[in-house]
There are 2 protein chains.
Amino acid sequence: MEQRIDRIKKQLHSQSYKLTPQREATVRVLLEHEDDHLSAEDVYMLVKEKYPEIGLATVYRTLELLTELKVVDKINFGDGVSRYDLRQEGADHFHHHLVCLECGAVDEIQEDLLGDVEKIVEKRWNFEIKDHRLTFHGICYRCRT
Amino acid sequence: MEQRIDRIKKQLHSQSYKLTPQREATVRVLLEHEDDHLSAEDVYMLVKEKYPEIGLATVYRTLELLTELKVVDKINFGDGVSRYDLRQEGADHFHHHLVCLECGAVDEIQEDLLGDVEKIVEKRWNFEIKDHRLTFHGICYRCRT
DNA sequence: TGTCAAATGATAATGATTATCATGACAATG
DNA sequence: CATTGTCATGATAATCATTATCATTTGACA
């Protein structure tokens with residue numbers, strides 16, 4: 001935990017941003033909820049518990065900043081809100097998601113399943129891939145009875 | 001064109017919806033811009049040319065209806081708006097997208113590249129896939145010089 | 001023709017996100 | 001130290017896409 005915060009701090013400094021207490025509190029919330037897919041409002045509520053004076057705008061700004069630095073990814077599952085998902089450290093690709101149409105759960109797939117597909121796309125469409133988003137919609141193992 | 005409209009009409013009727021003039025005008029716009037990824041506002045502007053009395057709400061309602069019937073797909077590329085993309089007739093999967101980070105162009109891949117990946121996901125995660133979304137972000141062939 | 005449900009258009013309401021702006025923290029400088 | 005300047009913050013207003021409301025219209029059918 002502390003090491004990860006330290007690395008994020010360095011990353012901020014390298015772009016001459018500071019790790020203010022508000023930003024640190026926000027990052028901690030994200031780390032403590034790594035498996036969730038929190039909206040800005042969700043993050044705001046959780047940060048308020050440890051830093052009650054924080055404002056919603058600051059949370060939005062921090063999340064935007066972290067997105068810029070590729071510490072988190074901003075994703076959208078089609079309900080009207082953006083969600084923020086911590087990137088795996090050192091991962092060279094963005095993980096995939098399984099969205100259950102039954103119960104709404106969102107599970108993650110950390111493995112990179114797109115290696116071959118990406119080769120084909122790069123070659124056949126002459127497209128230089130920088131990132132990808134892959135989401136499957138269906139019925140999760142819990143709801144399959 | 002006329003045949004496709006006819007089939008959409010039948011599809012609507014099968015769920016006891018009507019193909020009203022407003023809905024038909026909207027569908028025509030979508031067919032005429034099959035390669036684009038129009039927002040609701042875009043569609044509204046274009047429909048107004050052939051049906052000036054139409055209201056924005058009706059366009060939204062029609063797009064929602066068409067999404068429900070799986071005639072179109074509602075997609076989101078991370079700018080703040082939903083876009084509507086006509087499904088290929090008879091396609092059992094939703095096509096993929098290539099979003100250029102340089103020029104913003106959105107190209108489509110109609111081929112299904114995920115067959116093998118889906119088999120793995122179904123088996124290993126015990127997840128019953130109903131649909132998928134796959135978008136690559138990178139540099140398109142036009143911007144690669 | 002009269003009836004009724006569905007559809008429409010105008011517009012108000014909502015809700016997420018962004019912009020604004022005065023204030024505060026803090027580092028660098030004189 | 002006092003001063004200056006920059007960046008960050010918090011409160012709140014503004015924006016913008018989307019949804020809800022509601023009176024009116026349409027068209028099918030009795």
Side-chain angles (χ1 to χ4, degrees), chain A residues 5 8-9 11-29 37-69 71-85, chain B residues 8-29 37-69 71-85:
Chain A
I5 290 182
I8 291 170
K9 189 175 182 174
Q11 215 174 334
L12 282 164
H13 286 165
S14 77
Q15 317 261 332
S16 57
Y17 292 119
K18 288 174 268 187
L19 184 63
T20 62
Q22 291 91 337
R23 286 177 184 165
E24 184 174 333
T26 305
V27 168
R28 280 183 191 279
V29 163
H37 300 84
L38 304 174
S39 67
E41 198 78 27
D42 294 338
V43 174
Y44 176 56
M45 295 306 197
L46 290 165
V47 178
K48 261 185 119 51
E49 290 173 12
K50 54 178 71 170
Y51 201 110
E53 323 87 284
I54 202 168
L56 178 57
T58 300
V59 171
Y60 268 102
R61 281 185 289 236
T62 301
L63 291 171
E64 192 193 337
L65 181 59
L66 294 173
T67 303
E68 215 178 286
L69 295 179
V71 172
V72 302
D73 265 296
K74 193 174 175 178
I75 49 179
N76 194 300
F77 292 127
D79 53 348
V81 293
S82 293
R83 298 178 177 278
Y84 297 85
D85 206 351
Chain B
I8 291 169
K9 187 174 182 175
K10 287 200 184 95
Q11 216 175 332
L12 281 164
H13 286 165
S14 76
Q15 317 262 331
S16 56
Y17 293 118
K18 287 173 267 187
L19 184 64
T20 62
Q22 290 92 334
R23 287 176 183 166
E24 183 174 336
T26 305
V27 169
R28 280 184 191 280
V29 163
H37 301 84
L38 304 175
S39 66
E41 197 79 25
D42 293 338
V43 174
Y44 176 57
M45 294 305 196
L46 290 165
V47 178
K48 263 187 115 54
E49 289 172 12
K50 56 179 65 168
Y51 202 110
E53 323 88 283
I54 202 169
L56 178 58
T58 301
V59 171
Y60 269 101
R61 281 184 289 236
T62 301
L63 291 171
E64 192 192 335
L65 181 60
L66 294 173
T67 303
E68 215 178 286
L69 295 179
V71 171
V72 301
D73 265 297
K74 193 175 177 178
I75 49 179
N76 194 300
F77 292 126
D79 54 347
V81 294
S82 292
R83 297 178 177 281
Y84 297 85
D85 205 352

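Just so it is clear: chains get the letters A, B, ... in the order the sequence lines come, proteins before strands, and each one is counted from 1. Heavy atoms only: backbone and side chains are in, while hydrogens, waters and symmetry mates are out.
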>> Counting only side-chain heavy atoms from C-beta out, which of D:dA17, C:dT8, D:dT9 sits nearest to B:T20?
In response: C:dT8
>> Counting only heavy atoms and a strict 4.0 angstrom limit, can you tell me which residues of residues 40-48 of chain B come near DNA chain C?
In response: none
> Do any of residues 49-65 of chain A sit with a heavy atom less than 4.0 Å from DNA chain C, and if so which?
Replying inline: A:A57, A:Y60, A:R61
How many angstroms lie between atom [atom1] of [X] and atom [atom2] of [Y], to the nearest 0.5 angstrom?
{"X": "B:L63", "Y": "B:R23", "atom1": "CG", "atom2": "CZ", "value": "11.5 Å"}
{"X": "B:H13", "Y": "B:K18", "atom1": "NE2", "atom2": "NZ", "value": "9.0 Å"}
{"X": "B:L38", "Y": "B:R83", "atom1": "CG", "atom2": "CZ", "value": "8.0 Å"}
{"X": "B:L66", "Y": "B:Y17", "atom1": "CG", "atom2": "OH", "value": "11.0 Å"}

>> Going by the rule side-chain contact (heavy atoms from CB on, under 4.5 Å), which residues pair with A:D85 if we only count those two or more places apart in sequence or in a different chain?
In response: A:H37, A:I75, A:F94, A:H95, A:H97, A:E108
Rounded to whole Å, please give me the gap between [atom1] in [X] and [atom2] in [N].
{"X": "B:D79", "N": "D:dC16", "atom1": "CG", "atom2": "P", "answer": "14 Å"}
{"X": "A:L38", "N": "C:dT17", "atom1": "CG", "atom2": "P", "answer": "13 Å"}
{"X": "B:N76", "N": "C:dA16", "atom1": "CG", "atom2": "P", "answer": "15 Å"}
{"X": "A:Y17", "N": "D:dT6", "atom1": "OH", "atom2": "C1'", "answer": "14 Å"}
{"X": "A:I75", "N": "C:dA16", "atom1": "CD1", "atom2": "P", "answer": "17 Å"}

Which side-chain N or O atoms in residues 42-57 of chain A pair as donor and acceptor under 3.5 Å with protein atoms at least two apart or in another chain?
| unit_1 | atom_1 | unit_2 | atom_2 | d |
| --- | --- | --- | --- | --- |
| A:D42 | OD1 | A:S39 | OG | 3.3 |
| A:D42 | OD2 | A:S39 | N | 2.9 |
| A:D42 | OD2 | A:S39 | OG | 3.0 |
| A:Y44 | OH | A:K48 | NZ | 3.3 |
| A:K48 | NZ | A:P52 | O | 3.0 |
| A:K48 | NZ | A:I54 | O | 3.4 |
| A:K50 | NZ | A:E32 | OE1 | 3.1 |
| A:K50 | NZ | A:E32 | OE2 | 3.1 |
| A:Y51 | OH | A:Q22 | NE2 | 3.4 |

> Which of these passes side-chain contact (heavy atoms from CB on, under 4.5 Å) with A:T26: A:T62, A:T20, A:T58?
Replying inline: A:T62
>> Considering every strand and a 4.0 Å limit on heavy-atom distances, what is the contact class for A:S82: base, sugar-phosphate, or nothing?
In response: sugar-phosphate
> Base, sugar-phosphate alone, or nothing: which one does A:S39 contact when heavy atoms must sit under 4.0 Å apart?
Replying inline: nothing
> Donor-acceptor pair, B:Q15 side chain versus B:L69 backbone, under 3.5 Å?
Replying inline: no
I'd like a table of atom pairs between the protein and nucleotides 23-28 of chain C - only N or O on both sides, under 3.5 Å - with the distance next to each one.
none

> Do any side-chain nitrogens or oxygens of B:Q22 fall under 4.0 Å of OP1 or OP2 in D:dT26?
Replying inline: no
>> Restricting to non-hydrogen atoms, name the atom on B:V59 and the atom on B:A40 that form the minimum distance, rounded to 0.1 Å.
In response: CG1-O, 3.9 Å
> B:R28: what forms a salt bridge (charged side-chain N to carboxylate O under 4.0 Å, His left out) with it, not counting sequence neighbours?
Replying inline: B:E2, B:E24
> Mind checking whether B:Q11 and B:V71 have side chains closer than 4.5 Å, heavy atoms only?
Replying inline: yes
